[in-house]
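In the text below, chain A, chain B and the rest are named by the order of the sequence lines, each starting its count at 1.
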2 protein chains.
Amino acid sequence: MGASKTDYFTEKQNQLAAIAKALGHPARVAIIEYLLSVDSCICGDIVNVLPLAQPTVSQHLKELKNAGIIKGNIEGNAICYCINEETLSILQAFFAHINNHLQIKKSNCC
Amino acid sequence: MGASKTDYFTEKQNQLAAIAKALGHPARVAIIEYLLSVDSCICGDIVNVLPLAQPTVSQHLKELKNAGIIKGNIEGNAICYCINEETLSILQAFFAHINNHLQIKKSNCC
DNA sequence: TTATTATATTGCAATATTACGATAAAGATT
DNA sequence: AATCTTTATCGTAATATTGCAATATAATAA
């Protein structure tokens with residue numbers, strides 16, 4: 001096959017997986033880290049920071065945007081990118097949930 | 001091409017991406033959720049819970065294990081799987097880092 | 001020993017991802 | 001208008017992922 005059987009899973013599971021998947025590439029992690037490090041939101045120079053060609057970076061930005069992890073606003077002929085906290089909070093909630101369960105259990109047999 | 005240029009990124013970026021990537025499939029999210037929901041660690045019935053064939057589940061488990069997200073111990077002829085908190089704490093630290101920066105900035109232009 | 005049970009591995013087809021050159025699109029500058 | 005700057009899209013090649021049937025492996029049970 002090759003395609004994920006998304007129909008067989010819950011919407012929440014698919015959503016979580018989609019967000020995690022979007023973070024699942026070092027270039028995209030690097031983009032997030034760069035967006036955090038710069039004061040301004042005018043981030044047209046992401047291409048200059050990454051060791052990848054412009055079309056490749058554009059593609060990675062598109063994936064982050066599709067997953068809802070970043071937002072992009074048009075500013076003149078440049079684009080202002082920044083992090084969308086709402087989406088990342090979904091992943092955070094998942095981890096909080098995991099921690100909660102693990103602390104209750106504490107029945108680690110491994 | 002097709003292969004990620006992992007050499008061009010930091011070890012930490014690659015590590016974060018690898019963990020996120022492993023979570024980037026609904027079946028693997030479902031496996032984590034199942035491991036949380038069961039009291040015991042004897043989890044040989046993961047295959048029965050998922051809508052996927054046994055070899056496929058085995059493969060997903062392998063990927064979670066490779067990423068360090070779960071641990072597996074042999075118990076007789078079954079295998080006991082459970083979540084590895086250490087690895088997930090790496091992702092959590094990343095999110096804490098993001099939150100920290102976003103709270104300091106608050107210069108959201110988007 | 002011969003099943004039986006539980007999990008892993010192999011092999012393969014279908015599909016997705018990654019990367020980039022070439023090119024397009026759109027606003028800014030001259 | 002002609003050009004520059006910035007970002008997106010198209011096309012394509014290389015590689016990775018997903019899924020499963022068939023088979024292997026290994027411990028247990030009969």
Taking all atoms of both residues into account, what is the closest heavy-atom pair of [X] and [Y], and its distance?
X: B:Ser4; Y: A:His25; value: OG-NE2, 3.1 Å
X: B:Tyr81; Y: B:Gly72; value: CD2-CA, 3.6 Å
X: A:Leu16; Y: B:Glu33; value: CD1-OE2, 4.3 Å
X: B:Leu50; Y: B:Ala30; value: CD2-CB, 3.7 Å

message: Show me the pairs that pass salt bridge (Lys or Arg N to Asp or Glu O under 4.0 Å) and involve residues 11-23 of chain B, at least two apart or across chains.
response: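 Sorted pair list comes back empty.
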
Contacting residues from residues 9-23 of chain B, given that a heavy atom lies under 4.0 angstrom of DNA chain C: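 Nothing qualifies; none.
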
Please report the distance, rounded to the nearest Å, between [atom1] in [X] and [atom2] in [N].
X: B:Ile74; N: D:dT28; atom1: CD1; atom2: C1'; result: 14 Å
X: A:Tyr8; N: D:dT18; atom1: OH; atom2: C1'; result: 13 Å
X: B:His25; N: D:dT18; atom1: NE2; atom2: C1'; result: 6 Å
X: A:Lys5; N: C:dA16; atom1: NZ; atom2: P; result: 14 Å
X: B:Ile46; N: C:dT7; atom1: CD1; atom2: C1'; result: 11 Å
X: B:Asn48; N: C:dT7; atom1: CG; atom2: C1'; result: 12 Å
X: B:Glu75; N: C:dT7; atom1: CD; atom2: C1'; result: 14 Å

Would you say the side chain of [Y] lies within less than 4.5 Å of the side chain of [X], judging by non-hydrogen atoms?
X: A:Val29; Y: B:Asn14; value: no
X: B:Ile31; Y: B:Val49; value: no
X: A:Ile32; Y: A:Ile70; value: yes

Only distances under 3.5 Å count here; give the side-chain donor-acceptor pairs of residues 89-96 of chain B to other protein atoms, sequence neighbours excluded, each with its distance to 0.1 Å.
residue : atom : partner : partner atom : Å
B:Ser89 : OG   : B:Glu86 : O            : 2.5
B:Gln92 : OE1  : A:Asn99 : ND2          : 3.2

Mind listing the N/O atom pairs, protein and nucleotides 2-6 of chain C, below 3.5 Å?
residue : atom : partner : partner atom : Å
C:dT5   : O2   : B:Asn77 : ND2          : 3.2
C:dA6   : O4'  : B:Asn77 : O            : 3.4

field: A:Ser4 side-chain proximity, nearest of C:dT18, C:dA16, D:dT18
entry: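 My answer, after comparing the listed nucleotides, is D:dT18.
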
Result block: side-chain N/O donor-acceptor pairs under 3.5 angstrom for residues 56-69 of chain A, not counting sequence neighbours:
residue : atom : partner : partner atom : Å
A:His60 : ND1  : A:Arg28 : NH1          : 2.9
A:Glu63 : OE1  : A:Arg28 : NH1          : 3.2
A:Asn66 : ND2  : A:Lys62 : O            : 3.4

message: What residues from residues 51-69 of chain B pass a heavy-atom cutoff of under 4.0 Å to DNA chain D?
response: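 Of all residues in residues 51-69 of chain B, the ones placing a heavy atom under 4.0 Å from DNA chain D are B:Leu52, B:Ala53, B:Pro55, B:Thr56, B:Gln59, B:His60, B:Glu63.
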
task: Please report the C-alpha distance between B:Ile46 and B:Leu35 in whole Å, then the side-chain angles of each, then the deciding distance to 0.1 Å, and finally whether the side-chain contact (heavy atoms from CB on, under 4.5 Å) criterion is met.
output: CA-CA 8 Å; B:Ile46 294 173; B:Leu35 284 180; 4.2 Å; yes

